[in-house]
Every structure is written in C-alpha cells, then in structure tokens.
Amino acid sequence: MLSLRPPHPTFSRPTRWPRRGRLSAAAAPQCASAAAAADTAAPPASVSFPILVNGCTGNMGLSVAEAAASRGLHLVPVSFSSREKLDRTIQIGQTDVRIYGPSAREDVLSSVIDEFPDVIVVDYTTPDSMNFNADLYCKLGLPFVMGTTGGDKQLLYKSVQDSKNYALISPQMGKQVVAFVAAMKIMSEQFPGAFSGYNLEVLESHQAGKRDTSGTAKDVIACFEKLGVSYDMNRIVKIRDPEQQLDMVGVPEEHIEGHAFHLYHLTSPDDSVSFEFQHNVCGRSIYAEGTIDAATFLHRKVQSKDSKRIYDMDDVLREGYMR
C-alpha cells in the first residue's frame with residue numbers, strides 16, 4: 001500500500017518507492033500547528049465588515065469564526081444548527097454567538113440584514129442543507145462564501161445566476177492548495193499527453209468524519225488524465241482509520257481529527273522513472289484563513305458593484321490574496 005510518509009531527510013537521492021506494506025522508520029511529516037500558523041499570519045485585514053458564519057457548531061465553521069475574530073472582523077452574534085429547539089450560546093473571541101434552529105433562519109437573517117446591511121455570510125454547514133441555505137441567501141440578497149461541499153452543485157450555481165446575487169463558491173479554501181491545482185491545470189492544458197503510458201497511484205487520508213472522496217484528489221487526477229494517464233477513480237486509496245493514519249500515513253496524533261494528506265505517484269511503463277506529488281495539511285487554519293480572505297475579497301467586489309457575480313478561489317489568488 002502507498003504511504004504518505006516522505007523520504008528520510010538524510011537521504012541524498014530518492015529511495016525505491018514502497019509498493020506494499022508499511023514503510024519502516026521514515027520520518028513523519030512536519031506539520032505546523034494551528035497555533036503556529038496563527039503566529040505567522042499576516043496582519044488583520046485593512047477593511048472591517050460584519051461576517052456571519054453559518055455552522056459555528058462544526059469544527060470548520062468554528063475555526064472560520066475564530067479566524068474572523070482574530071483578523072478584526074465584526075462577527076455577527078448569530079449562527080444556525082440543523083437541529084430544532086437548540087437553545088445554545090457559544091463564545092468566540094469576545095462575541096457570544098447564539099445558535100438558532102433551521103426554522104428561524106429566514107426571520108433571523110432578515111433581522112441581520114436590517115442591522116448589518118453589508119454583511120457577508122460564510123456557509124460551513126452540511127451537504128443536505130447547502131442548497132436550501134443558498135436559495136435563502138439568494139432570496140434575501142445576502143452575498144455568501146460557500147465552503148460546504150456536496151449537495152447539488154449545478155442547482156447552486158443556477159440559484160446564484162437567477163438571483164444575480166454575489167457568491168464565492170469553492171470546495172477548497174486552502175489558497176496554496178488551490179494554487180497547486182491551478183498549476184496542474186495549466187500543465188495539463190499546455191502539455192497534453194506528457195505522461196502517456198505512466199501508471200498513477202493515489203492515496204488520500206482525512207479525518208474519519210469525511211466519508212466522501214477528496215474533491216481535490218479528483219481535480220488533480222483529472223489533470224493527470226489530460227496529461228495522458230488512464231485512471232479509474234475507484235482505485236483511489238482512502239484512509240479513514242485512525243490507526244492506519246498514525247502508523248502507515250504518519251499523521252501526527254494531535255491532527256488525526258483534522259487533516260488532509262494527498263499523495264500522487266507516477267511510474268513510467270518500464271518502471272525506470274517516477275514522479276511524486278504530495279501535499280499534507282494538518283489542522284484547519286489554512287482553510288479558515290483562506291475563507292476569511294475569500295470573504296474579504298467578496299466584500300470588496302460587492303462594495304465596488306462589480307459586474308461579475310460568481311467567483312471562486314482562483315479569482316482570489318489572481319488579485320494577490322496570498323499569504
């Protein structure tokens with residue numbers, strides 16, 4: 001089985017790729033903690049605006065709300081849950097955020113618009129509620145950043161287009177990962193067939209709560225297919241078992257519940273040449289910070305009344321929103 005563990009740092013040249021079984025004493029990936037990432041973050045955004053994070057009861061939504069508070073944005077003190085009759089308040093920074101059930105969404109959001117007319121909504125909820133939420137944001141004219149994955153993507157885009165609402169939609173908010181995928185797309189467009197005949201092996205590891213296959217892995221595989229590689233998506237090795245993640249993949253124990261490790265290994269037909277692409281993310285800070293930059297970008301587009309209404313993270317990167 002493939003392993004995500006990188007070669008030992010003392011190796012002067014690539015070692016033979018381990019085809020099956022556990023890798024021996026290779027060094028585990030070095031991943032910066034969320035706290036370390038926060039210490040090296042850029043200064044607060046030069047603009048301040050109200051931001052409502054829908055999904056603060058989940059790990060990703062909470063991380064985004066904390067990043068918003070640390071960046072000096074005005075965190076709107078409401079959020080929503082998929083459960084009714086949920087009378088709960090959580091403290092994020094200096095803000096007490098009240099959690100409402102789904103039946104209160106429209107009334108509460110209407111009140112938010114009255115008090116915060118320039119609010120940006122960030123959605124990290126569930127696939128089942130994504131389209132319903134987007135329809136409501138569009139109905140109320142609320143600009144939103146959609147970080148929730150799953151749901152009906154075509155219906156999502158149609159809702160935004162029909163309403164002429166502003167939205168930034170991206171299943172991947174980690175800007176450096178987005179840049180890597182964009183680079184792969186450019187390579188596949190400029191050099192189609194460059195890896196014809198090569199064999200591709202793909203492994204991805206995420207926390208046990210992520211049931212679906214990585215969308216990022218699918219995007220990268222699509223690029224390799226344009227480069228001439230034949231690949232069946234069903235061959236992707238998905239690791240969700242914590243013990244395998246610790247022993248085989250090398251995920252630090254403190255990040256078992258929040259990580260995204262990807263490895264793509266290419267081998268020539270005669271097995272004499274190999275290429276390896278790997279990106280490992282520990283924690284959620286890269287996605288949280290990217291989401292705040294996406295919200296800042298969208299806020300500026302709304303304020304400038306830009307004619308374009310639907311954006312993605314590639315648009316954010318093109319305007320220089322990189323850390």
Quiz item: E204 pairs by side-chain hydrogen bond (donor to acceptor under 3.5 Å, both in side chains) with which of K218, R240, K238?
Solution: R240
Output the distance between atom [atom1] ([X]) and atom [atom2] ([Y]), rounded to the nearest 0.5 Å.
X: I221; Y: I236; atom1: CD1; atom2: CD1; answer: 3.5 Å
X: I113; Y: L142; atom1: CD1; atom2: CG; answer: 4.0 Å
X: S163; Y: R309; atom1: OG; atom2: CZ; answer: 9.0 Å
X: M60; Y: D123; atom1: CE; atom2: CG; answer: 12.0 Å
X: S110; Y: E115; atom1: OG; atom2: CD; answer: 13.0 Å
X: M130; Y: K153; atom1: CE; atom2: NZ; answer: 9.0 Å

Quiz prompt | Given F224, F195, Y264, the one that forms ring-ring contact (aromatic ring centres under 6.0 Å, His included) with F277 | solution = F224
Is it the case that atom [atom1] in [X] sees more than 12 heavy atoms from other parts of the structure closer than 6.0 Å?
X: Q303; atom1: CD; result: yes
X: Y157; atom1: OH; result: yes
X: Q91; atom1: CD; result: yes
X: K308; atom1: NZ; result: yes

Quiz item: L227 and E225: side chain to side chain contact (heavy atoms under 4.5 Å, CB included), yes or no, with the steps?
Solution: CA-CA 5 Å; L227 287 163; E225 289 177 330; over 6 Å; no
Tell me if a side-chain donor or acceptor on [X] pairs with a main-chain N or O of [Y] at a distance below 3.5 Å.
X: Q207; Y: G209; value: no
X: R88; Y: I99; value: no
X: S48; Y: G72; value: yes
X: D232; Y: R235; value: no
X: S79; Y: G55; value: yes
X: S214; Y: T216; value: yes

Taking atom types as modelled, find out whether [X] and [Y] have a side-chain donor-acceptor pair closer than 3.5 angstrom.
X: S304; Y: D306; value: no
X: Y231; Y: N199; value: no
X: N54; Y: Y137; value: yes
X: E276; Y: Q278; value: yes

Exercise. Spell out, yes or no, whether V121 and F116 are grouped together once hydrophobic residues are joined by side-chain heavy atoms under 4.5 Å, including indirect joins.
Key: yes
Quiz item: Are L136 and L298 joined in one hydrophobic group, where the rule is that I, L, V, M, F, W and Y side chains link up if heavy atoms are under 4.5 Å apart?
Solution: no
Charged N-O contact under 4.0 Å between [X] and [Y]:
X: K210; Y: D212; answer: yes
X: R318; Y: D315; answer: yes
X: E319; Y: K301; answer: yes
X: D293; Y: R71; answer: yes

Quiz item: Parallel, tilted or perpendicular: which describes the rings of H259 and H206, with under 30° parallel and over 60° perpendicular?
Solution: parallel
Quiz prompt | Test log, rule side-chain hydrogen bond (donor to acceptor under 3.5 Å, both in side chains), inputs T291 and Y124 | solution = CA-CA 10 Å; T291 302; Y124 275 104; 2.7 Å; yes
Exercise. Compare every heavy atom of A294 with every heavy atom of M313, then report the nearest pair and how far apart it is.
Key: SD-CB, 3.8 Å
Quiz prompt | Minimum-distance pair of heavy atoms, taken over all atoms of T148 and T125 | solution = OG1-N, 2.8 Å
Exercise. Kindly say whether the aromatic ring centers of F49 and H74 come within a distance under 6.0 Å.
Key: no
Quiz item: Does the ring centre of F261 sit less than 6.0 Å away from the ring centre of H255?
Solution: no
Exercise. Show the numbers, then the answer: is there a side chain to side chain contact (heavy atoms under 4.5 Å, CB included) between N133 and F144?
Key: CA-CA 10 Å; N133 290 342; F144 65 93; over 6 Å; no
Quiz prompt | Y166: ring pair (Phe, Tyr, Trp, His ring centres under 6.0 Å) partners, not counting sequence neighbours | solution = none
Quiz prompt | From CA spacing to verdict: side chain to side chain contact (heavy atoms under 4.5 Å, CB included), C56, R98 | solution = CA-CA 10 Å; C56 284; R98 184 174 177 183; over 6 Å; no
